[in-house]
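This report refers to the structure that appears directly beneath it.
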Protein chains: 4
Amino acid sequence: MQPCVVSNVDDPALVEMRRSQFVKAASELFARKGYHRTTIRDITQSAGLSTGLIYSYVRAKEDVLFLVLENVLKSYLAEIPRALEAGGGPVERFCATVRAYCEVIGDKPDATQLAYRETKSLGADYQTVIKNMELETNQLIIDRIEECIDAGYFRPVNVELLTYRIVLLAHGWALKAWRLQQFTTLDEYIDEGLDLFLNALLTPEGWAHYREVREGRGVQ
Amino acid sequence: MQPCVVSNVDDPALVEMRRSQFVKAASELFARKGYHRTTIRDITQSAGLSTGLIYSYVRAKEDVLFLVLENVLKSYLAEIPRALEAGGGPVERFCATVRAYCEVIGDKPDATQLAYRETKSLGADYQTVIKNMELETNQLIIDRIEECIDAGYFRPVNVELLTYRIVLLAHGWALKAWRLQQFTTLDEYIDEGLDLFLNALLTPEGWAHYREVREGRGVQ
Amino acid sequence: MQPCVVSNVDDPALVEMRRSQFVKAASELFARKGYHRTTIRDITQSAGLSTGLIYSYVRAKEDVLFLVLENVLKSYLAEIPRALEAGGGPVERFCATVRAYCEVIGDKPDATQLAYRETKSLGADYQTVIKNMELETNQLIIDRIEECIDAGYFRPVNVELLTYRIVLLAHGWALKAWRLQQFTTLDEYIDEGLDLFLNALLTPEGWAHYREVREGRGVQ
Amino acid sequence: MQPCVVSNVDDPALVEMRRSQFVKAASELFARKGYHRTTIRDITQSAGLSTGLIYSYVRAKEDVLFLVLENVLKSYLAEIPRALEAGGGPVERFCATVRAYCEVIGDKPDATQLAYRETKSLGADYQTVIKNMELETNQLIIDRIEECIDAGYFRPVNVELLTYRIVLLAHGWALKAWRLQQFTTLDEYIDEGLDLFLNALLTPEGWAHYREVREGRGVQ
DNA sequence: CATGAATGAGCATTCATTCAT
DNA sequence: GATGAATGAATGCTCATTCAT
């Protein structure tokens with residue numbers, strides 16, 4: 001379905017293992033030196049493997065960049081939905097998802113910065129795949145917003161636009177981490193950010209529900 | 001004060017002219033192909049000048065990137081303050097500044113994207129200069145926020161943090177323009193964005209003032 | 001006597017079999033893509049065997065080329081003498097040998113072309129072996145010519161030189177097959193070629209004999 | 001008209017000069033080591049120029065091979081017609097042309113060998129150009145043959161086929177020079193070769209004409 | 001000042017060969 | 001004996017930079 005990176009090696013477990021070695025090394029290097037300043041030798045040496053080997057697992061340097069970025073977006077898609085395991089009402093689920101998105105990015109801001117910097121270094125096909133994964137991630141937020149609207153807790157809004165504001169809230173931490181960390185924490189950043197949105201979105205009914213939950217939490 | 005790009009050529013007017021030729025050509029090329037994929041020959045040819053000439057106005061390719069990015073930030077610093085010419089109260093001035101910031105970015109989103117993608121391609125010193133220019137731009141917003149707070153129209157908030165939320169509002173348009181344009185306009189994006197912030201920031205006194213102004217505008 | 005290609009494997013039958021598998025695959029690939037553009041993987045894959053295995057039957061890639069070329073020349077040495085089985089007089093035997101040489105080449109012109117293209121890709125020792133095999137092949141013609149001269153059917157000539165003219169007659173078909181096939185057939189090419197030589201070589205006595213034979217054939 | 005090798009450099013005289021330097025160096029190296037075993041570094045070093053420079057005059061290594069082969073065939077096309085300057089009758093002109101062809105090849109047999117070995121290393125387009133130049137060369141012979149036939153000096157024959165026999169006479173010297181030189185000279189090779197053909201081709205009228213000419217020459 | 005030919009270090013990629021399993 | 005993953009030297013080509021004119 002997606003333009004999969006091809007490998008000479010058959011054993012899928014080995015492919016998985018080697019690629020993750022190369023991706024790990026490349027992620028660090030790309031983040032530090034950028035894609036173009038990082039050589040294949042840098043990557044293979046850093047992975048403790050020989051220069052030529054990488055070409056048994058990848059067709060070209062570009063494939064490595066794709067695998068790195070794919071890996072980042074995959075981790076979003078894997079981590080964010082776990083915020084819903086705790087259950088709760090629509091608003092809680094919305095907040096948990098936003099928080100999860102911010103936290104997964106806060107966990108490795110370099111990865112998100114890398115995505116912003118180097119996605120355009122990919123060929124058109126790979127860019128499409130990456131963008132589709134981003135849209136898939138956005139859907140996790142869209143679903144929460146619509147849940148809140150359907151429940152009557154959020155005012156009806158332009159869902160797509162709101163989603164992007166939240167995406168920018170999350171990505172913003174990564175993009176400006178160097179400075180934001182000087183005068184705030186990720187927690188405060190998220191809390192205040194959520195306040196901003198809830199303030200503008202909650203209906204009276206939503207407020208009632210939200211207060212209930214917060215007080216319940218506060219008692220704990 | 002700032003690590004100025006050195007030139008072999010004496011005549012300042014000529015330096016200015018040639019550099020702007022190179023910067024113009026390079027801006028387009030960097031935005032389209034990225035810094036590393038653009039060659040010096042690409043730039044000089046596109047500028048209609050000879051390959052070697054650029055080295056009379058710049059010491060290295062990196063200098064060109066710096067000049068391009070500096071040019072972007074300079075335009076922000078030049079354009080945004082013009083929003084204050086219309087006068088008005090603190091909240092109006094705040095709104096006008098935010099709007100101006102968004103609009104100057106909406107005008108050439110490629111330039112802002114470029115800054116996000118390629119600032120790290122600069123050496124540490126140049127990065128510092130660029131970051132300082134960004135801080136200088138931020139100050140334009142900080143001043144407006146503090147004006148509003150001092151006037152009692154905004155609740156006291158973490159000014160720096162709020163500033164970055166606004167910066168992200170403005171930059172967000174450039175970063176996500178490819179998708180946002182599909183379901184909103186820059187105007188709607190700004191209006192709704194401002195609403196979000198004002199909603200959370202205005203004191204009762206601020207609201208009174210704000211309503212007055214909006215109605216005054218609405219009458220027109 | 002000849003620098004034989006060494007093998008790790010003991011069983012001669014197995015060596016024979018594997019080598020013929022590799023030679024078969026390599027012949028086709030070398031003819032199509034050339035020796036240097038053909039990789040060891042191409043050969044082993046095409047032979048349906050694993051990459052490393054070939055190095056149990058051959059010391060280096062060059063050995064494969066040698067085996068391929070040796071195989072070609074061996075087939076000449078095996079096929080051409082069969083032309084003498086039909087018996088006949090000296091001139092008939094000469095003609096039959098020339099014809100056989102042309103036909104064995106006409107049968108697989110790619111092999112001969114390959115020999116012309118890639119013999120120099122071999123090391124000096126291997127080249128010597130191949131050249132000696134060519135000389136051995138030439139001897140088949142030399143013997144026929146001398147037979148005819150001794151019988152008084154051919155004028156005395158520079159035998160070696162004549163031999164090479166005939167070798168070029170035969171090889172010429174392979175070297176220029178791409179074009180010759182457009183306006184003649186191998187049979188016509190041979191017949192007319194033989195005519196040319198007989199015309200110049202036959203003594204009156206030889207002519208008498210030759211006519212007799214041709215008419216004998218014509219009657220059939 | 002022919003897929004011309006492109007150059008970055010404008011000055012035609014310089015292009016001409018540099019290319020001939022590279023071609024000269026490459027001709028020797030290709031002949032000695034073969035195209036694939038010769039590196040770009042070999043060529044540029046041998047030409048006394050820097051590695052990168054060659055790419056201002058040629059797009060790829062393949063272009064160098066083309067230029068080398070083109071150069072060989074161009075020299076044929078330039079040299080052979082000069083044989084006609086001496087004038088003479090059709091048969092003389094035929095003989096002079098054949099002799100000239102053999103001699104131009106005898107002058108640099110390596111070049112012709114190279115053409116046989118490496119033409120297939122070229123891409124399809126370049127191969128076509130080279131083949132067309134060969135056909136153009138053949139035409140020089142075709143014209144002589146037809147002249148002789150039209151004059152009634154040669155029996156009517158398959159002109160194309162005869163042409164290829166002569167081409168093989170000429171090329172044969174290069175292909176087998178290593179051995180032919182051991183028992184004959186180029187002159188003898190040509191003289192006897194011409195005899196062979198004339199013997200088979202001349203009409204009684206042609207013979208008369210031919211004897212006259214030879215005796216005329218003999219007297220000198 | 002301007003030109004553009006020349007330089008050569010740097011890099012992605014290939015592929016013959018090895019060797020642990 | 002057979003496999004195929006691993007090695008790393010080799011090489012075509014690019015491009016920032018220099019400098020003679």
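So that the names make sense, note that chain A is the first sequence line, chain B the second, and so on, each numbered from 1.
Of the candidates E:dT17, E:dA6, F:dA2, E:dT17 carries the atom nearest the C:Lys61 side chain, counting heavy atoms from C-beta on. Among the nucleotides E:dG4, E:dA2, E:dT14, the one closest to the side chain of B:Thr51 is E:dG4. The side chain of A:Leu49 approaches F:dT7 more closely than any other nucleotide in the set F:dT7, F:dA5, E:dA5. Listed nucleotides: F:dT7, E:dA6, F:dT17. Nearest to the side chain of A:Leu53: F:dT7.
Between the side chains of B:Thr39 and B:Asp42, a donor-acceptor pair is found at a separation under 3.5 Å. Side-chain atoms of D:Lys108 and D:Ser75 include a donor-acceptor pair closer than 3.5 Å.
Consecutive Watson-Crick or G-U pairs involving DNA chain F, each under 3.5 Å on both distances, make up stems of three or more pairs at E:2-21 with F:2-21.
Across the protein-nucleic acid pair, A:Leu14 atom CG and F:dG4 atom C1' stand 10 Å apart, rounded to whole Å. Per the geometry, CD1 belonging to D:Ile54 stands 15 Å off P belonging to E:dG8, to the nearest Å. We find that CG of D:Asn8 is positioned 14 Å from P of F:dC13, with the value rounded to whole Å.
Toward the 5' end of DNA chain E, the nearer of the two residues B:Ser50 and C:Ala60, judged by each one's closest nucleotide, is B:Ser50.
Applying the 4.0 Å criterion to OP1 and OP2 of F:dA6, one finds that A:Tyr55 has every side-chain N and O outside that range. A close approach under 4.0 Å does not occur between any side-chain nitrogen or oxygen of A:Arg59 and OP1 or OP2 of E:dT13. The side chain of D:Tyr57 contributes no N or O atom lying less than 4.0 Å from OP1 or OP2 of E:dA5.
For the atom pair CD of A:Glu62 and CG of A:Leu67, the computed distance is 10.5 Å after rounding to the nearest 0.5 Å. A:Tyr35 OH to A:Thr119 OG1: the interatomic distance, rounded to the nearest 0.5 Å, is 12.0 Å. Taken to the nearest 0.5 Å, the CD atom of C:Glu118 stands 11.5 Å off from the CD atom of C:Gln113.
Panel note: side chain C:Arg32, backbone C:Thr38; no donor-acceptor pair is recorded below 3.5 Å. Between the side chain of D:Arg19 and the backbone N or O of D:Val58 there is no donor-acceptor pair closer than 3.5 Å. In terms of modelled atom types and a separation under 3.5 Å, the side chain of C:Thr44 and the main chain of C:Arg41 share a donor-acceptor contact.
A heavy-atom distance below 4.0 Å to DNA chain E is reached by none of the residues of residues 19-29 of chain C. Across residues 32-44 of chain D, D:Arg41 each have a non-hydrogen atom less than 4.0 Å from an atom of DNA chain E (numbered order).
Side-chain contact between D:Arg18 and D:Gln21 is present, with heavy atoms from C-beta onward closer than 4.5 Å. Residues B:Leu114 and B:Val72 form no side-chain contact, since every pair of their non-hydrogen atoms from C-beta on lies 4.5 Å or further apart. Taking 4.5 Å as the limit, every side-chain heavy atom of A:Glu70 sits out of range of all side-chain heavy atoms of A:Tyr126.
Looking at heavy-atom distances under 4.0 Å, D:Asp11 makes no contact with the nucleic acid at all.
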